[in-house]
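Okay, so here's the structure we're looking at.
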Amino acid sequence: MKFKNWSFYLANDLLDVEGNSLIKGEFILVCLRPDILKPNRILGFGIEKELGTTKVVDLQNRILTDQNVADIFTNKIGVVEASTIKELIIKDENMSLTPIREENIKTIIDTYNVFVKAEVIEFDSNEFDTVDKLEAANEKFTELNLKSMSINQLLNTINSGMNDYYGKLNELRNPQISETEKIQKTLNLSTLQGNLILFFEETLRKMDGLIGKQHEEIIELKKQIEKK
């Protein structure tokens with residue numbers, strides 16, 4: 001099956017990266033990209049079917065605020081098996097053909113710090129059906145432009161990431177998890193750790209630049225005072 005990111009589909013059973021259920025049964029999926037951890041899975045936002053049609057139309061046609069976006073998705077971002085996905089048909093209209101409005105894509109990226117390219121990319125399910133193909137899929141869809149992020153965005157991401165990191169660390173300490181679960185959780189933790197290091201480094205660079213600029217402003221201010 002062919003997919004387009006930032007487009008709508010019908011799917012079943014949205015899970016978080018640890019395998020916990022976010023939405024049971026059928027729901028509306030906003031496709032983001034292939035999952036980077038396991039083949040044959042799609043990462044995306046889930047929208048409950050109740051009042052889902054209105055939300056789809058709004059995302060396609062209206063310019064929404066960050067609060068509008070947050071109200072629509074309610075933090076339901078996870079993975080779904082590609083085999084459960086089909087086109088979203090509403091009253092004989094194929095809603096999968098029309099992606100989210102460009103302005104709303106940018107709002108979603110800013111609101112959720114989603115590191116997915118804003119452009120709509122078509123891809124086939126066979127492009128991510130093996131572990132070996134996942135790295136190429138990652139390069140195709142990922143856009144991590146830390147330099148364009150403000151200090152506030154970086155700090156918010158780090159704060160959220162650290163909470164997630166300590167939560168995953170505590171789960172690893174649970175003696176009751178299986179060896180398979182332990183391996184998967186360790187991989188997830190390692191990926192998160194690497195991303196956090198990148199954010200810390202960029203934040204420090206921006207803070208150094210800000211402190212340097214403030215120092216120059218203080219020196220200039222002192223010069224102006226001395227002249228008086």
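What you are looking at is a predicted structure, and each value in this text was computed from that prediction instead of being measured.
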request  = Please assess N20 against L15 for the test side-chain contact (heavy atoms from CB on, under 4.5 Å), listing each intermediate value before the final yes or no.
outcome  = CA-CA 5 Å; N20 301 309; L15 307 175; over 6 Å; no
In the single-linkage hydrophobic clustering (I, L, V, M, F, W, Y; side-chain heavy atoms under 4.5 Å), do [X] and [Y] co-cluster?
X    : Y    : result
I158 : Y165 : yes
F200 : Y166 : yes
I100 : I121 : no
L172 : L196 : yes
I90  : V57  : yes

Rounded to the nearest 0.5 Å, what separates atom [atom1] in [X] from atom [atom2] in [Y]?
X    : Y    : atom1 : atom2 : value
I89  : S96  : CD1   : OG    : 6.0 Å
K2   : D124 : NZ    : CG    : 4.5 Å
I219 : H215 : CD1   : NE2   : 3.5 Å
T186 : Q193 : OG1   : CD    : 11.0 Å
F8   : Q60  : CZ    : CD    : 5.0 Å
I47  : I28  : CD1   : CD1   : 5.5 Å

So, does [X] use its side chain to make a donor-acceptor pair with the main chain of [Y] at under 3.5 Å?
X    : Y    : value
D16  : G78  : no
W6   : E102 : no
N68  : T65  : yes
T98  : M95  : no
N104 : R62  : yes
E181 : S178 : yes

Under a 4.5 Å cut-off applied to non-hydrogen side-chain atoms, are [X] and [Y] in contact?
X    : Y    : value
L10  : I85  : no
T203 : K206 : no
F27  : L22  : no
I72  : L64  : yes

More than 12 heavy atoms of other residues, nucleotides or ligands under 6.0 Å from [atom1] of [X]: is that the case?
X    : atom1 : answer
E103 : CD    : yes
M1   : CE    : yes
E50  : CD    : no

[X]: which residues meet the salt bridge (charged side-chain N to carboxylate O under 4.0 Å, His left out) condition with it, sequence neighbours left out?
X    : result
K185 : E18, E171
D13  : none
K4   : none

message = Once ring pair (Phe, Tyr, Trp, His ring centres under 6.0 Å) is applied, do any residues pair with Y112, and if so which ones, sequence neighbours excluded?
response =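 By the ring pair (Phe, Tyr, Trp, His ring centres under 6.0 Å) rule, Y112 matches F45.
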What pair of heavy atoms forms the shortest contact from [X] to [Y], and how long is it?
X    : Y    : value
K168 : L189 : CB-CD1, 3.7 Å
A11  : V80  : CB-CG2, 3.9 Å
F141 : N5   : CD2-ND2, 4.1 Å
L14  : K76  : CD2-O, 3.8 Å
C31  : I42  : SG-CG2, 3.9 Å

key: Exercise: do E87 and Y9 side chains pair donor with acceptor under 3.5 Å   =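 There is no such pair between these side chains.
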request  = Dump the intermediate steps for side-chain contact (heavy atoms from CB on, under 4.5 Å) on D208 and R205, then the final yes or no.
outcome  = CA-CA 5 Å; D208 285 343; R205 275 194 288 269; 5.7 Å; no
message = Could you check whether E226 pairs with K222 (Lys NZ or Arg NE/NH1/NH2 to Asp/Glu carboxylate O, under 4.0 Å)?
response =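 Looking at E226 and K222, the cut-off is not met.
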task = Scan I77, D71, N75, V69 and name whichever one has a side chain to side chain contact (heavy atoms under 4.5 Å, CB included) with F73.
result =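 Only match with F73 under side chain to side chain contact (heavy atoms under 4.5 Å, CB included): V69.
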query = Taking only residues two or more places apart in sequence, or in another chain, which ones meet L221 in a side chain to side chain contact (heavy atoms under 4.5 Å, CB included)?
reply =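 Applying side chain to side chain contact (heavy atoms under 4.5 Å, CB included) to L221 gives Q224, I225.
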message = The criterion is side chain to side chain contact (heavy atoms under 4.5 Å, CB included); which residues satisfy it with D110, sequence neighbours excluded?
response =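 So D110 forms a side chain to side chain contact (heavy atoms under 4.5 Å, CB included) with Q153.
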task = Decide salt bridge (Lys or Arg N to Asp or Glu O under 4.0 Å) for K140 and E127; before the verdict, give the C-alpha distance in whole Å, the side-chain angles of both, and the deciding distance to 0.1 Å.
result = CA-CA 11 Å; K140 181 176 181 178; E127 292 181 36; 3.0 Å; yes
task = Go through the steps to decide whether R101 and I105 satisfy the test side-chain contact (heavy atoms from CB on, under 4.5 Å), and finish with yes or no.
result = CA-CA 6 Å; R101 184 177 176 131; I105 291 175; over 6 Å; no
